[in-house]
There are 2 protein chains.
Amino acid sequence: MAIRDERKQQTRQALMEAALAMVATGRSFPSLSLREVTRDAGVVPASFYRHFRDMDQLGLALVDETCQRLRKLIRAARTTQAPGDNMLAASVSTFLLYVNANRPAFHFLTRERYGGTKDVREAIAREIRGFTLDLAADFARFPHFNQLPRHDVEMMSTLLVNTVVSALGEMLELPADHPDAQGAIAKSLSDQLRVIVLGGLAWRPGAKVPTSV
Amino acid sequence: MAIRDERKQQTRQALMEAALAMVATGRSFPSLSLREVTRDAGVVPASFYRHFRDMDQLGLALVDETCQRLRKLIRAARTTQAPGDNMLAASVSTFLLYVNANRPAFHFLTRERYGGTKDVREAIAREIRGFTLDLAADFARFPHFNQLPRHDVEMMSTLLVNTVVSALGEMLELPADHPDAQGAIAKSLSDQLRVIVLGGLAWRPGAKVPTSV
DNA sequence: GCATCGTGTGAACACTTGTTCACTCAATGG
DNA sequence: CCATTGAGTGAACAAGTGTTCACACGATGC
């Protein structure tokens with residue numbers, strides 16, 4: 001019962017990787033055709049239906065699997081992370097290593113975050129939110145922040161994550177091997193994160209922000 | 001020489017609005033077909049070529065025109081903006097009004113920022129950068145910030161703009177008339193902007209941020 | 001008033017698309 | 001060992017695609 005399933009997963013993987021590779025070269029996922037994907041995967045179009053009902057399902061599977069893989073990696077990295085003064089810069093640099101090691105996956109997520117179908121966008125938003133909450137939990141253990149309302153800490157986590165995601169988008173526009181420009185982005189990103197942390201330290205809950213909306 | 005050009009601009013506009021409307025309903029621009037657009041615009045496919053060489057050119061024109069329009073609006077709003085303590089919240093609320101009044105345009109820009117072709121992405125990035133520099137110029141006139149290096153002020157402007165853009169993306173996922181959720185986003189956004197400003201006030205240039213990348 | 005210009009037309013083209021179907025034939029399990 | 005299962009095949013389909021062409025016919029400029 002092994003060989004059969006194994007081969008099936010193999011072509012399933014081929015389909016997903018073909019789609020991922022095409023997105024990584026600049027195509028947008030919704031513009032990929034089923035036939036293109038099967039062609040690149042070295043399989044006849046009809047075989048596609050043995051694995052996915054349609055392209056939308058492929059997209060969802062792609063989100064799930066790439067997110068699952070990234071979550072594992074990030075979780076592993078976070079536990080081996082020694083807290084300290086230059087924690088930010090260190091986190092940034094390991095994050096950039098991830099990105100370069102998983103460019104196609106990040107490319108796909110970045111493009112489909114707003115570009116994909118409703119289901120895909122929601123799946124990605126859910127993943128980002130989950131990651132934000134994890135970060136908030138970590139963050140809420142630090143001196144000043146453990147006295148802030150949970151809501152405020154989440155607000156700042158969201159801000160941090162958004163900032164990282166923006167830098168990610170900027171990085172993916174660069175060619176893969178451009179260390180100078182990547183270094184500039186890294187510097188800018190860790191400066192920005194530092195501004196946010198400084199702001200968080202100066203933050204007092206519920207202070208003079210008129211909610212005039 | 002008036003009537004002819006006028007009618008031409010009219011169908012050109014129809015083509016652009018048709019594309020914009022389709023993107024606003026959730027389609028991604030690269031997946032639109034030339035024939036679909038002409039059909040929605042009430043024109044035969046061959047007429048398309050009287051206005052654009054191909055769909056890519058339509059996309060670029062769409063970026064240019066929507067950005068131009070938005071820039072005018074924003075510039076007008078900025079000059080009528082009285083600086084003051086709740087400037088942030090006021091800016092946020094007028095910004096949200098813009099977004100709701102120009103949903104299709106913002107939808108298009110948000111989706112194509114990472115989802116479009118290289119040319120389109122670069123055009124949008126250029127626009128955002130231009131806007132960031134404008135904001136930095138404004139910002140550099142305030143007490144504390146006029147003593148920071150230009151580079152740092154731009155870094156913070158970028159951070160502010162990225163934060164607004166993230167909130168924008170979140171807003172566009174909501175249905176158009178959902179004042180409660182929009183209010184929540186507005187509150188969160190102005191809190192986040194406040195964190196950044198607080199961080200900027202606490203920022204000292206070149207202070208203990210190790211560039212270990 | 002008349003020749004010219006140019007937007008929009010409708011038909012035609014060669015292709016690609018998603019989906020279906022009956023089929024092969026190796027792995028599976030009793 | 002032999003019947004069954006199911007991943008992959010290749011052909012066929014109706015429908016949609018981008019692009020081209022000669023043509024119509026009203027506005028334009030002399």
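Below, chain A is the first sequence line, B the second, and so on; all start at residue 1. Note that these values count all heavy atoms, side chains included, but never hydrogens, waters or copies made by symmetry.
The nucleotide whose nearest atom lies closest to any side-chain atom of B:A46 is, among D:dC21, D:dG18, D:dG8, D:dC21. Among the nucleotides C:dG8, D:dT9, D:dG18, the one closest to any side-chain atom of B:S47 is C:dG8.
Partner of B:R12 under the salt bridge (charged side-chain N to carboxylate O under 4.0 Å, His left out) criterion, chosen from B:E17, B:E65, B:E6: B:E65.
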Problem - A:I185 vs A:L174, side chain to side chain contact (heavy atoms under 4.5 Å, CB included): CA-CA, chis, key distance, verdict - result: CA-CA 10 Å; A:I185 293 179; A:L174 297 172; 3.6 Å; yes

Handout entry: Candidate pair B:N162 and A:Q192, rule side-chain hydrogen bond (donor to acceptor under 3.5 Å, both in side chains), full reasoning
Key = CA-CA 11 Å; B:N162 284 345; A:Q192 289 173 338; 4.8 Å; no

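At C:dG8, one or more side-chain N or O atoms of B:T11 fall inside 4.0 Å of OP1 or OP2 (strictly under the cut-off). Between A:R50 and the phosphate of D:dT5, there is no side-chain N or O to OP1/OP2 separation shorter than 4.0 Å.
Summarising the geometry, the separation between CD on A:Q10 and C1' on D:dA7 is reported as 12 Å, rounded to the nearest angstrom. A straight line from OH of A:Y49 to C1' of D:dA7 spans 16 Å, rounded to a whole angstrom. Following rounding to the nearest Å, B:D5 (CG) and D:dA27 (C1') show an atom-to-atom distance of 11 Å. Put simply, CG on B:L15 is 15 Å from C1' on D:dG18, counting in whole angstrom units. For A:D54 and C:dT17, the CG to P distance is 16 Å, given to the nearest whole Å. As rounded to whole Å, 17 Å separates atom P of D:dG6 from atom CD1 of A:I3. To the nearest angstrom, C1' of C:dT16 lies 15 Å from CG of A:D40. Remark: P of C:dG6 and CZ of B:R7 are 17 Å apart, rounded to the nearest angstrom.
Among the heavy atoms of the strands, none lies under 4.0 Å from B:R12. Counting any heavy atom pair closer than 4.0 Å across all strands shown, B:F48 reaches no nucleic acid atom.
The existence of a salt bridge linking A:E173 and B:K118 is excluded, since no basic side-chain nitrogen approaches an acidic carboxylate oxygen closer than 4.0 Å.
A donor and an acceptor atom never sit less than 3.5 Å apart when one is taken from the side chain of B:R4 and the other from the base of C:dT7.
Of the residues in residues 20-38 of chain A, those with a non-hydrogen atom less than 4.0 angstrom from any atom of DNA chain C are A:S33, A:L34, A:R35, A:E36.
Taking NE2 of A:H51 as the start and CD of A:Q9 as the end, the distance is 8.5 Å to the nearest 0.5 Å.
Using a 4.5 Å heavy-atom cutoff, the side chains of B:M171 and B:F106 are not in contact.
For residues 23-43 of chain A, the ring pair (Phe, Tyr, Trp, His ring centres under 6.0 Å) pairs, not counting sequence neighbours, are A:F29-A:F108.
Sequence order on DNA chain D of the closest nucleotides to A:G42 and B:R53 puts A:G42 first from the 5' end.
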